[in-house]
Structures are given as C-alpha cells and as structure tokens.
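One structure is given here, and the rest of the page talks about it.
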Amino acid sequence: MTQSASILVIATLVAFAPLCLCSKTSGGYLYPQFYDHSCPKAKEIVYSIVAKAVAKEARMAASLVRVHFHDCFVKGCDASILLDSSGSIVSEKNSNPNRNSARGFEVIDEIKSALEKECPHTVSCADILTLAARDSTVLSGGPTWEVPLGRRDSKSASLSGSNNNIPAPNNTFQTILTKFKVQGLNIVDLVALSGSHTIGDARCTSFRQRLYNQSGNGQPDFTLDQAYANQLRNGCPRSGGDQNLFFLDFVTPTKFDNSYFKNLLASKGLLNSDQVLVTKSAVSLELVKQYAQNDQLFFEQFAKSMLKMGNISPLTGSSGEIRNNCRKINSYS
C-alpha cells in the first residue's frame with residue numbers, strides 16, 4: 001500500500017469513528033446492534049410496552065428514567081435494583097431512596113416476559129432498563145439517542161450502596177456533585193441529568209423541610225419563592241401526608257422540556273437538590289441559564305449524559321448473567 005493510500009485509509013477510519021457508539025468496558029464492547037441478529041425485535045418490543053404504560057399513566061415515564069438512574073449509581077448499570085430479597089440477597093428496593101418510591105417494576109416484568117417469549121435467555125434486564133429510560137424520555141417529548149447494548153445482569157444487590165451512593169433531595173450541592181464524580185460524571189452531567197425533573201412527581205416527605213424547618217431553626221427555606229411555598233403547604237403539612245405527590249415541574253409536568261430550568265431561575269425548584277443548582281455554584285447556575293434559554297442545547301447534553309450514565313461499570317462478556325426473571329438470579333447460576 002502506498003503512503004498516500006494508507007493515509008487515505010486512516011483518514012477514512014477517523015472520519016467514520018464518531019459513528020460508532022461503542023463503549024469499551026473491561027469485559028468487551030457495548031454497541032447498539034448487539035441484538036440485531038439474536039433478537040431483532042428487542043427494541044421494538046421494549047418501546048411498544050413502555051408506550052402502552054406511559055399512555056396509561058404519564059408519570060410512568062419519569063419512574064422508569066429514575067429506576068435506571070438508581071440502578072446505575074449502585075454497582076453500575078447491572079439491574080441490581082430489580083432483585084427482590086431472597087436467600088443472601090437483600091433488595092435495594094428497601095433502601096431509603098427507593099422504599100415507597102421506586103416504581104415501574106411491573107412494566108419491566110412485562111417487557112422481560114415478552115422478550116423471553118420472542119428470544120429466550122437473550123436480552124438482559126440491564127439493557128431493558130436502559131432502553132426503557134430512553135423510550136420514556138422520547139415518549140414524553142424529549143430527545144432520542146442510540147443506546148449501546150450488551151450489558152449483563154448482576155447476581156447480587158447492594159443495599160448499603162443504594163443508601164450511600166444515590167444523591168438525596170436534602171444533600172448539599174457539594175455532596176451531590178461528589179456522588180456524581182465518583183461515578184465518572186461531572187457538573188455538566190449533574191445539571192443536565194437533573195433536568196429529568198421536568199417530568200414526574202416528588203413526595204411531600206422529600207421537600208417538607210424547605211417549607212417549615214430548612215436549617216433546624218424553625219424557619220422555611222427563603223430561596224424558595226414564598227407564594228409557591230404557600231401553595232405547597234396546602235398539601236404538605238408539618239406532619240402527615242408524607243406520600244402526597246407534587247409535580248417536580250408544575251408548569252409542564254408531563255412534557256419533557258426546559259421548563260424545569262426556567263422554574264429554578266424563578267426560585268420554584270421543588271427539591272432542595274434542584275434549587276442548589278442555582279444558589280450554590282456559579283458554574284451550575286450558568287448551565288441552568290443556558291438550558292433555560294435553549295431547549296435544544298439541553299436536549300443534546302441530556303442525551304450525551306444519559307449515554308455516559310448508561311455506560312457506568314456494565315457487566316459484559318461472561319461476567320454476570322442474563323436473568324430469566326428480572327426479580328431473581330437464575331437458580332442454576
């Protein structure tokens with residue numbers, strides 16, 4: 001091969017390199033075409049069942065995005081959150097961030113059941129979660145992205161990891177950022193992924209302290225718009241009503257858009273962990289302003305950050321397993 005020809009080949013390879021959404025992991029690659037031969041209808045089956053669930057209850061879209069997030073922040077994106085307690089496994093569903101709050105497991109069960117009929121023992125629960133989060137975003141009006149596939153399922157869960165690794169609504173900004181950085185995510189990812197709060201609900205117990213006793217001195221959080229706070233107090237009393245639900249984005253609660261960021265700039269973020277993006281960091285404040293002004297910029301970064309989060313420490317190759325039932329490890333493992 002002549003030198004000019006080899007340079008042309010290299011240039012061609014470089015030119016086409018960005019088209020590969022491959023993610024190198026310790027055990028192998030994740031790539032969007034992983035099931036194209038072994039289960040060609042996999043993506044279609046996931047989408048149709050998620051679409052049916054979201055049409056029945058719009059809130060389900062946010063619930064499925066959240067389950068994926070809570071899975072990936074504990075031992076990587078390995079579907080450990082789906083395991084019920086049995087034998088030596090103590091379920092992550094009983095952790096503080098998940099108890100009485102994580103939901104959508106029946107939708108995942110329905111998807112898994114359909115996939116097992118179509119192509120037995122092929123599609124992992126971890127990939128189902130990742131696809132369902134993307135489809136939920138799209139069905140709510142948000143961006144789409146190609147999901148690299150090939151994750152395998154864990155054979156264990158981590159209750160302590162679930163309690164310690166997942167950012168909490170009352171964490172400080174620095175604690176939240178540190179929890180993201182531990183996962184290989186940065187401040188841009190933090191702000192963009194917080195934008196998933198453009199859909200979904202939060203429970204009274206998640207933000208009550210902002211209404212009545214933010215700093216332990218019996219005073220409310222004065223970074224919260226007080227007229228908005230008064231509205232919230234109507235349904236979130238000092239005691240009782242813990243499970244009462246409130247929209248995270250009261251402007252367009254079921255539409256994936258940039259209203260969340262506009263709300264933050266108006267001091268109307270519901271959770272403390274939302275509002276600190278504006279009050280505790282000049283860098284995150286600037287990002288909030290950019291996303292509030294430009295929904296396309298937000299959409300592009302959200303897709304990039306979701307891809308990045310979906311690539312946290314996946315099990316690949318011969319690691320883990322392909323569960324037959326997402327709620328329990330295979331008995332012959």
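Below, each value reflects all heavy atoms present in this structure, side chains not excepted, and no hydrogens, waters or symmetry copies. All values derive from a computational prediction rather than experimental measurement. Note that the numbering runs from 1 along the sequence shown for the chain.
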Residues [X], [Y]: salt bridge by 4.0 Å N-O rule:
X	Y	result
K308	D189	yes
D78	K75	yes
R103	E57	yes
D249	K255	no
E116	K112	yes
E110	K52	yes

Would you tell me whether [X] and [Y] have side-chain atoms, one donor and one acceptor, within less than 3.5 Å of each other?
X	Y	value
E92	S80	yes
S259	T252	yes
T175	T178	no
Y228	N263	no
S305	Q301	yes
S86	D84	no
T130	D127	no
S273	N170	no
R323	S154	yes

- To the nearest 0.5 Å, how far apart are CG in D201 and CG in L270?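 Between D201 CG and L270 CG, I get 9.5 Å after rounding to 0.5 Å.
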- Message: A quick test of your reading: do over 12 heavy atoms of other residues, nucleotides or ligands sit less than 6.0 Å from NZ of K179?
- Response: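 Yes, because the 6.0 Å sphere around NZ of K179 holds more than 12 heavy atoms from other groups.
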- Task: For atom OH of Y212, decide whether the heavy atoms of other residues, nucleotides or ligands shown that lie under 6.0 angstrom number more than 12.
- Result: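 Result for OH/Y212: enclosed.
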- Query: Given the rule in the ring pair (Phe, Tyr, Trp, His ring centres under 6.0 Å) test, do Y260 and Y291 qualify, once you have shown the distances and angles that lead to the verdict?
  - Reply: CA-CA 9 Å; Y260 166 82; Y291 298 152; 10.0 Å; no
Taking the side chain as everything from C-beta on, heavy atoms only, tell me whether [X] gets closer than 4.5 Å to [Y].
X	Y	answer
L185	L193	yes
L131	L149	yes
P314	R152	no
Q183	M309	no
N164	S160	yes
L224	S267	no
C204	F246	yes
I81	H68	no

- Query: Is the F298 ring parallel, tilted or perpendicular to the F256 ring (thresholds 30°, 60°)?
  - Reply: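 If you compare the ring of F298 with that of F256, the planes turn out parallel.
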- Within 45° of the axis and under 6.0 Å from the centre of the six-membered ring of F105, does NZ or CZ of K93 qualify?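 Yes, cation above the ring, under 6.0 Å and within 45°.
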- Task: Test side chain to side chain contact (heavy atoms under 4.5 Å, CB included) on L277 and L285 and set out the steps.
- Result: CA-CA 6 Å; L277 299 180; L285 170 58; over 6 Å; no
- Hey, is the main chain of D274 close enough, under 3.5 Å, to the side chain of H197 for a donor-acceptor pair?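 No, the answer is negative, given that no donor and acceptor are paired below the 3.5 Å cut-off.
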- Query: Counting N and O atoms only, with roles assigned by atom type, does the side chain of R203 sit under 3.5 Å from a partner on the main chain of Q243, one being a donor and the other an acceptor?
  - Reply: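 Checked: no pair found.
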- Query: What do you reckon, are the aromatic ring centroids of F302 and F299 less than 6.0 Å apart?
  - Reply: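 For F302 and F299, the ring centres are not under 6.0 Å apart.
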- Do you know which two heavy atoms are closest between S91 and L159, and how far apart they sit?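 Heavy-atom minimum between the residues: O-CD1, 3.5 Å.
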